[in-house]
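Taking it in order: structure first as structure tokens, then the write-up.
Just so it is clear: chains get the letters A, B, ... in the order the sequence lines come, proteins before strands, and each one is counted from 1.
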Amino acid sequence: MHKDTPPPIHPGDASKKISGEPLYGFVPRRVTARQVQAALDGDVNPFNKLPHSAQYKKILEVRKKLPVHVQMAEFYEMFIKHQMIVIVGETGSGKTTQIPQFVCYSDLPHAKGKLVACTQPRRVAAMSVAKRVADEMDVTLGKEVGYSIRFEDMTEPGTTFLKYMTDGMLLREAMNDPDLNRYSTIILDEAHERTLATDILMGLLKHVARRRPELRLIIMSATLDAQKFQRYFSINKDSPAPLFKVPGRTHPVEIFYTQEPEPDYVEAAIRTVLMIHRAEDEGDVLLFLTGEEEIEDACRKIKIEADDLLNQDPDAVGPLICIPLYSSLPPAQQQRIFDPPPPRRNPDSPAGRKVIVATNIAETSLTIDGIVYVVDPGFSKQKVYNPRIRVESLLVSPISKASAQQRAGRAGRTKPGKCFRLYTEKDFMKELEDQTHPEILRSNLANTVLELVKLGIKDLVRFDYVDAPAPETLMRALELLNYLAALDDEGNLTALGGIMAEFPLDPQLAKMLIVSPDFKCSNEILTIVSMLSVPNVWLRPNNQRKEADQAKALLTIPDGDHLTLLNVYNSWMQNLKDPNWSWSNYISQRALLQAENVRQQLESTMVRFEVDLVSVGDGPKLYQRVREALVCGFFMQVAHKEEKNYVTIKDSQQVSLHPSCGLDTQPEWVLFNEFVLTTRPYIRTVTVVNPEWLLRDAANYYDIDSWKDNEVKRSLLRVKNKLLGRKGDGPPLKKKPKT
DNA sequence: GAGCACTGC
């Protein structure tokens with residue numbers, strides 16, 4: 001289609017606000033660095049024809065000092081010649097802000113109704129980078145430059161030509177436009193993070209690029225795995241995709257290792273922080289630990305020891321504050337990391353020091369300036385997936401070399417720093433993996449497989465993954481989707497599956513939401529699904545556990561935790577006038593507001609696919625229909641009481657009710673939302689179900705005659721026979737016409 | 001009788 005060179009831009013076809021066309025002579029994809037430099041230095045903004053502001057010129061001077069700016073000519077030479085490019089650049093190179101702008105000057109998307117997209121793994125990054133780039137380009141955010149993230153579309157169709165967005169958002173768009181025809185160039189940023197969405201997009205875009213020769217693809221990454229991407233995006237085996245390298249702009253960080261392995265990394269970490277405090281020059285400390293409990297504990301201990309030091313010898317050390325940082329902290333408390341260190345006690349005594357004790361959140365999501373010392377024990381909590389028992393769990397595991405490098409880099413943002421690694425150099429070299437395993441190898445892929453099928457991928461096992469997941473993981477996902485009737489026995493998407501994929505939900509939740517109108521309770525299921533999609537709503541402050549548990553008991557519905565969640569949301573809604581309601585009930589206001597947001601989004605998707613929003617009756621009858629609807633999504637997550645404990649059906653896993661469970665008895669059959677493996681295997685968010693519903697609403701799965709003989713099978717057979725007896729000689733179990 | 005690494009739709 002675009003075999004011929006498109007016509008250059010000529011004056012006269014644009015606005016008459018100011019005479020002269022800044023992009024005169026620009027030929028799409030033939031644009032040179034000299035032309036762009038001239039346009040940048042011009043007085044008129046080529047994209048909105050307004051005069052450049054004073055602020056623009058000021059920012060332009062700063063931009064020109066970025067490492068990537070010097071390489072503009074090199075970039076255009078490569079961009080003209082190659083369809084796919086890999087860019088590596090460390091922090092501070094300016095690649096995220098500048099490369100998309102370079103591309104715009106070459107693509108001229110505004111002149112042909114196209115867009116340039118740049119993806120980010122995180123929402124805040126998409127927003128803040130878009131804001132910065134809008135300023136740099138001297139345009140209003142949401143007009144020429146915008147962003148698109150869940151719950152917020154800051155773009156204007158027809159006007160926006162540079163769009164920052166989350167990778168998940170672009171993947172969503174691909175589901176309805178598999179060739180992503182709106183985009184002239186797609187830039188995947190932070191590709192080294194290997195999020196699920198980025199990985200799927202890479203596989204997808206590699207093939208879209210074959211179908212659309214005029215599409216340009218840029219993969220941007222931190223240094224370590226560039227070669228992997230170059231090989232993956234090679235045109236043929238012998239010519240890897242070209243590499244464009246941008247130097248970073250950070251300060252050197254000196255690395256120290258321990259001589260011997262540390263048996264207790266938390267203790268060693270605390271000791272190291274105090275050693276820094278006593279012996280090192282002024283500068284803040286960042287300590288990486290694995291989770292909330294560990295962090296709070298370490299903060300307490302560091303504080304006690306530092307106060308001791310100060311009391312013993314007030315002239316030898318300065319005052320110290322210790323600030324915890326993890327994602328479940330309320331935003332106001334997270335802000336404390338930007339507080340200044342405590343002041344000197346008097347002009348001659350040592351400077352104060354700020355110590356931040358953080359999870360991995362400080363490795364990627366949050367950057368803190370002023371850190372000079374990093375303490376890295378070498379561990380983080382990582383998700384692992386066991387396809388055999390279909391369980392995702394969190395395990396404290398050694399980090400990768402790439403992660404260790406990233407952590408060390410946090411010490412060199414404002415001046416030269418030091419990083420203390422609490423492991424030996426030999427262990428770093430020999431024991432640590434190069435890269436953290438990509439998410440696709442560590443996750444339950446039910447959702448991803450449904451997305452891929454919706455994207456038209458026929459053969460999931462042979463899809464061109466950057467790293468292919470274990471076949472068993474794919475099989476488990478296909479099996480689940482087949483039982484949910486999202487896929488037929490040949491693996492084709494069903495009509496139901498097509499709608500399920502449109503909901504930003506796990507397949508089980510999507511399924512039960514879509515069938516819930518049959519049970520006249522979609523309003524209630526919608527609320528429950530929303531509550532299950534947000535973080536835990538229950539607050540339990542350490543010093544008020546008893547009060548919190550009492551408040552929870554008042555909101556508890558004994559038939560099931562799902563009903564309790566429904567009750568919490570409805571009670572909150574009924575008490576909106578009372579601003580203290582959530583607080584006095586030990587409920588997280590933040591989580592409820594999120595649930596409300598999710599609920600609105602899901603409701604609009606329901607409207608789009610004509611899933612009725614109904615609510616009939618109230619009291620026990622309504623609650624029973626809600627529990628029946630739950631079965632339609634979660635019939636595979638059912639446990640049977642045997643002697644003292646529960647056993648999951650089919651997998652025969654021994655499980656216990658989680659202590660947070662609100663059931664007042666131990667019913668024979670329960671359905672659970674999740675299986676968690678902590679100190680013991682637990683099932684969490686649990687509701688009583690009637691075994692007859694299992695046989696009726698999930699007959700395909702409860703094909704019990706073929707099951708191996710055990711207590712679960714015998715119990716279900718008794719239920720089945722009783723049902724048959726009751727129904728006489730009519731058709732035994734009428735399956736509801738739903739799927 | 002116990003948690004919740006971190007994202008994203």
**Prompt:** Which part of the nucleic acid does A:Asn360 contact within heavy-atom distance under 4.0 Å: base, sugar-phosphate only, or nothing?
**Reply:** nothing
**Asked** Looking across every strand, which nucleic acid part, if any, lies under 4.0 Å from A:Tyr326 by heavy atom: base, sugar-phosphate, or nothing?
**Response** sugar-phosphate
**Asked** salt bridge (Lys or Arg N to Asp or Glu O under 4.0 Å): which pairs involve residues 542-556 of chain A, sequence neighbours left out?
**Response** A:Arg540-A:Asp549
**Item:** For A:Glu296, side chain to side chain donor-acceptor pair (under 3.5 Å) partners two or more places apart
**Value:** A:Tyr326
**Request:** Looking at every strand, decide which applies to A:Arg122 at a 4.0 Å heavy-atom threshold: base, sugar-phosphate, or nothing.
**Result:** sugar-phosphate
**Interface with DNA chain B, restricted to residues 163-172 of chain A and to heavy atoms under 4.0 Å** = A:Thr166, A:Gly168, A:Met169, A:Arg172
Which atom pairs, donor and acceptor, lie under 3.5 Å between side-chain atoms of residues 671-679 of chain A and protein residues at least two apart or in another chain?
unit_1	atom_1	unit_2	atom_2	d
A:Glu674	OE2	A:Arg684	NE	3.0
A:Glu674	OE2	A:Arg684	NH2	3.2

**Message:** Classify A:Arg123 by what it touches in the nucleic acid, base, sugar-phosphate, or nothing, heavy-atom distance under 4.0 Å.
**Reply:** sugar-phosphate
**Request:** Give one of base, sugar-phosphate or nothing for A:Arg545, where a contact means two heavy atoms less than 4.0 Å apart.
**Result:** base
Name the atoms and distances for all side-chain donor-acceptor pairs under 3.5 Å in residues 445-454 of chain A, with sequence neighbours left out.
unit_1	atom_1	unit_2	atom_2	d
A:Asn447	ND2	A:Asp506	OD1	3.0
A:Lys454	NZ	A:Gly498	O	3.0
A:Lys454	NZ	A:Glu502	OE2	3.1

**Prompt:** What pairs with A:Asp199 under salt bridge (charged side-chain N to carboxylate O under 4.0 Å, His left out), at least two apart in sequence or on another chain?
**Reply:** A:Arg194
**Request:** Quick one: label A:Ser380 by what it contacts on the DNA or RNA (base, sugar-phosphate, nothing), any heavy atom closer than 4.0 Å.
**Result:** nothing
**Asked** How is A:Thr679 classified with respect to the nucleic acid when contacts are heavy atoms under 4.0 Å: base, sugar-phosphate, or nothing?
**Response** sugar-phosphate
**Asked** Who are the side-chain contact (heavy atoms from CB on, under 4.5 Å) partners of A:Leu593, not counting sequence neighbours?
**Response** A:Trp572, A:Gln589, A:Glu596
**Request:** May I ask you to decide if the ring planes of A:Tyr682 and A:His658 are parallel, tilted or perpendicular, using 30° and 60° as cut-offs?
**Result:** perpendicular
**Asked** Along DNA chain B, 5' to 3', what are the outermost nucleotides having an atom less than 4.0 Å from a heavy atom of chain A?
**Response** B:dG1 to B:dC9
**Request:** Please list, chain by chain and in numerical order, all residues satisfying side chain to side chain donor-acceptor pair (under 3.5 Å) with A:Glu156, sequence neighbours excluded.
**Result:** A:Lys143, A:Thr159
